[in-house]
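Heads up, the thing below is written out as structure tokens.
Excluded from the calculations below are hydrogen atoms, water molecules and symmetry mates; all remaining heavy atoms, backbone and side chain alike, are included. Chain identifiers are assigned alphabetically (A, B, ...) following the order of the sequence lines, protein sequences preceding nucleic acid strands; residue numbering begins at 1 within each chain.
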Amino acid sequence: MLSVENLTSAYGRIEALHGVSIEVGAGQIVTLVGANGAGKTTLLRAISGVQPITAGSIRFDGKPIERLPSHDRVAAGITQVPEGRQLFAPLTIEDNLKLGAWSRRGADVTPEIARVYALFPMLYERRSTPAGALSGGQQQMLAIGRALMARPRLLLLDEPSMGLAPILVDQILETIHGLKRGGLTILLVEQNARAALAIADRAYVLETGRITASGTAAEVQVDERVREAYLGV
Amino acid sequence: MAEFLQFAFSGLTVGAVYALVALGFTLIYNASDVVNFAQGEFVMIGGMTTVFLTLAGVPLPLAALIAVVAAVAVGLSLHRFAIEPARGASAVVLIMITIGASIFLRGAAQVVFDKRFHSLPPLFGNDPIRIGGASILPQSLVVLAGAVVIVVLLWVFIDRTLFGKAVIATAANRLAARLVGIDTRRMGSFSFAVSAAIGAIAGILVTPITLTSYEVGTLLALKGFAAAMLGGMGSAVGAVVGGIMLGLLEAFAAGYLSSQYKDAVAFLVILIVLFVMPHGLFGRAKIERV
Ligand SMILES: Nc1ncnc2c1ncn2[C@@H]1O[C@H](COP(=O)(O)OP(=O)(O)O)[C@@H](O)[C@H]1O
Ligand SMILES: [Mg+2]
């Protein structure tokens with residue numbers, strides 16, 4: 001469904017991605033693990049079109065999208081839950097959700113809003129609260145809910161467990177697994193490799209801008225170097 | 001008391017204009033992080049275009065409409081050809097660009113129009129209305145009413161429509177706005193268009209009172225900027241309150257001290273805000289990026 005080939009991207013003169021290639025098949029959870037600063041966020045931002053690339057290609061459903069502006073990529077079916085949530089802090093939960101469906105404006109979005117509230121009942125209870133006043137876990141739920149409002153076919157998640165209590169981490173990852181069972185394709189970036197590998201079908205390891213290992217989640221999980229570097233065993 | 005009222009009336013009238021210019025600053029700043037010092041030129045284009053079209057025999061309402069459209073066209077071009085290509089440049093560079101645009105527009109106005117002062121006929125004549133011993137021109141009431149209508153319309157639009165929410169969203173978090181599929185460039189164009197229209201309308205309404213010329217924009221931009229700073233850069237409520245307050249301060253300074261001090265008030269306000277309360281009256285911590 002998504003195929004990234006030889007992607008390079010730079011901040012000024014400093015290259016952060018040195019020719020990254022990954023494949024995400026329809027209906028899969030693919031996880032990208034790697035240490036802080038490896039380039040995971042840069043890759044997701046490049047896929048969403050909010051980070052310029054210097055070379056390489058990005059194909060979605062076989063069509064090149066690397067030249068499309070970010071809003072056209074959302075319309076094509078790719079949405080992102082960015083690192084650090086990035087909510088519209090002054091706006092209410094409900095307005096954040098409505099704006100999540102901006103690419104479908106004009107359409108009736110009540111079914112999607114209902115779906116998000118069913119997924120995260122907490123959001124319904126606090127629907128008139130400004131997003132900035134929510135706790136970390138609630139913010140993460142809202143960020144996921146907002147990304148679902150566009151009815152994506154591919155969901156990019158950038159460290160959804162970051163800064164959350166262990167019990168919330170489990171809950172968020174369970175939700176992500178549930179979305180996959182509902183037919184959504186997911187590219188999941190995590191520093192918490194153990195948790196991500198537990199629900200993923202395939203995995204890539206990114207180190208300082210290069211893919212250094214890949215395979216099924218089971219294969220990567222038993223890779224000696226991965227165990228040492230990311231699983232702490 | 002009559003004297004006080006008199007100063008207050010004149011302060012409110014110019015304050016309404018400052019408020020509209022400040023509102024233009026705020027809109028553009030929120031949608032695109034640009035402090036647009038060509039904001040005053042929109043006011044000038046509104047007034048001068050209306051003047052010259054009416055001189056050419058065009059009926060006033062049509063002339064005013066064309067003037068607003070002209071200002072919007074200039075605003076959109078400014079965004080498209082000067083601001084957008086410099087996207088990603090530092091705030092200082094963007095400010096330099098808008099100052100350059102302001103100088104350019106003033107120069108162009110000298111050529112297209114002329115260097116003289118002009119007026120427009122007031123809508124409801126020149127007979128002052130007497131209130132509590134003070135008098136107010138009917139046109140002052142027109143300016144105030146115009147400002148109220150614009151502020152209310154803008155508020156309803158921003159607060160009650162999804163497009164308005166998208167404007168707030170873009171201001172609050174540009175990256176997130178792009179990630180939900182908002183075309184932030186179009187939000188930028190939109191803010192320039194609306195700010196230009198607001199400025200032009202202010203220029204048309206106030207010309208019968210204050211006159212207009214090719215260079216009225218310079219001082220207005222400064223006053224509008226001071227008002228926006230006073231209110232807190234980025235706050236629409238702040239822009240309106242800041243504009244009215246600045247207008248009143250100026251009028252009282254001119255009335256009770258000396259009219260020489262009138263224009264110094266704006267400078268003083270900018271300095272005091274910068275040193276004492278950099279977030280202004282209603283501002284958030286956003287100001288640091290200016
Ligand atoms: N805005 C930026 N400006 C300059 N360098 C950046 C910026 N963001 C990230 N980098 C650099 O790019 C590299 C990859 O960062 P990032 O993609 O955020 O990594 P990760 O998400 O894996 O932690 C790092 O070396 C980081 O220092
Ligand atoms: Mg990251």
Side-chain angles (χ1 to χ4, degrees), chain A residues 11-12 41 44-45 47-52 68-92 94-109 130-132 139 142-143 145-152 155-158, chain B residues 26-27 29-33 79-80 84-90 93 155-190 232-239 279 282-289:
Chain A
Y11 294 97
T41 298
L44 287 201
R45 290 171 49 118
I47 295 171
S48 281
V50 293
Q51 162 72 25
L68 293 183
S70 48
H71 53 270
D72 286 343
R73 301 191 201 190
V74 175
I78 304 176
T79 61
Q80 178 172 164
V81 179
E83 187 174 73
R85 288 83 149 152
Q86 311 286 348
L87 298 171
F88 303 123
L91 295 174
T92 63
E94 187 129 338
D95 284 340
N96 270 268
L97 292 177
K98 284 180 181 162
L99 285 167
W102 179 257
S103 59
R104 304 170 47 224
R105 60 194 175 283
D108 178 20
V109 298
Q139 289 199 359
L142 178 54
R146 186 182 63 184
L148 292 175
M149 288 298 297
R151 284 211 288 210
L155 183 65
L156 313 175
L157 289 144
D158 197 347
Chain B
T26 304
L27 262 177
Y29 178 74
N30 277 343
S32 58
D33 280 338
H79 179 256
R80 175 68 186 76
E84 216 24 75
R87 176 65 38 231
S90 72
V93 170
W155 178 78
V156 168
F157 174 74
I158 295 282
D159 199 64
R160 294 295 149 92
T161 68
L162 190 65
F163 196 96
K165 301 249 163 82
V167 174
I168 301 179
T170 305
N173 192 325
R174 177 179 303 272
L175 171 67
R178 294 179 68 194
L179 287 175
V180 299
I182 294 171
D183 183 349
T184 51
R185 240 176 76 168
R186 264 187 53 203
M187 290 291 153
S189 304
F190 170 79
M233 204 52 149
S235 160
V237 176
H279 299 174
F282 298 86
R284 287 157 285 141
K286 216 181 166 187
I287 191 81
E288 262 93 61
R289 287 188 305 174

(request) Select one option (side chain, backbone, both, neither) describing which atoms of A/L87 are under 4.5 Å from chain B's heavy atoms. (result) backbone
(request) Could you look at A/L99 and say if it's the side chain, the backbone, both or neither that has a heavy atom under 4.5 Å from chain B? (result) both
(request) Locate the shortest heavy-atom distance separating A/F88 from B/A177; write the atom from each residue and the value. (result) CE2-N, 3.6 Å
(message) For a quick test of reading the model, state the closest non-hydrogen atom pair linking B/V180 to A/V74 and the distance between them.
(response) O-CG1, 3.7 Å
Cross-interface N/O pairs, chain B with chain A, donor-acceptor, under 3.5 angstrom:
| residue | atom | partner | partner atom | Å |
| --- | --- | --- | --- | --- |
| B/K165 | NZ | A/D95 | OD1 | 3.3 |
| B/K165 | NZ | A/D95 | OD2 | 3.3 |
| B/N173 | ND2 | A/Q86 | OE1 | 2.8 |
| B/R178 | NH2 | A/G49 | O | 3.3 |

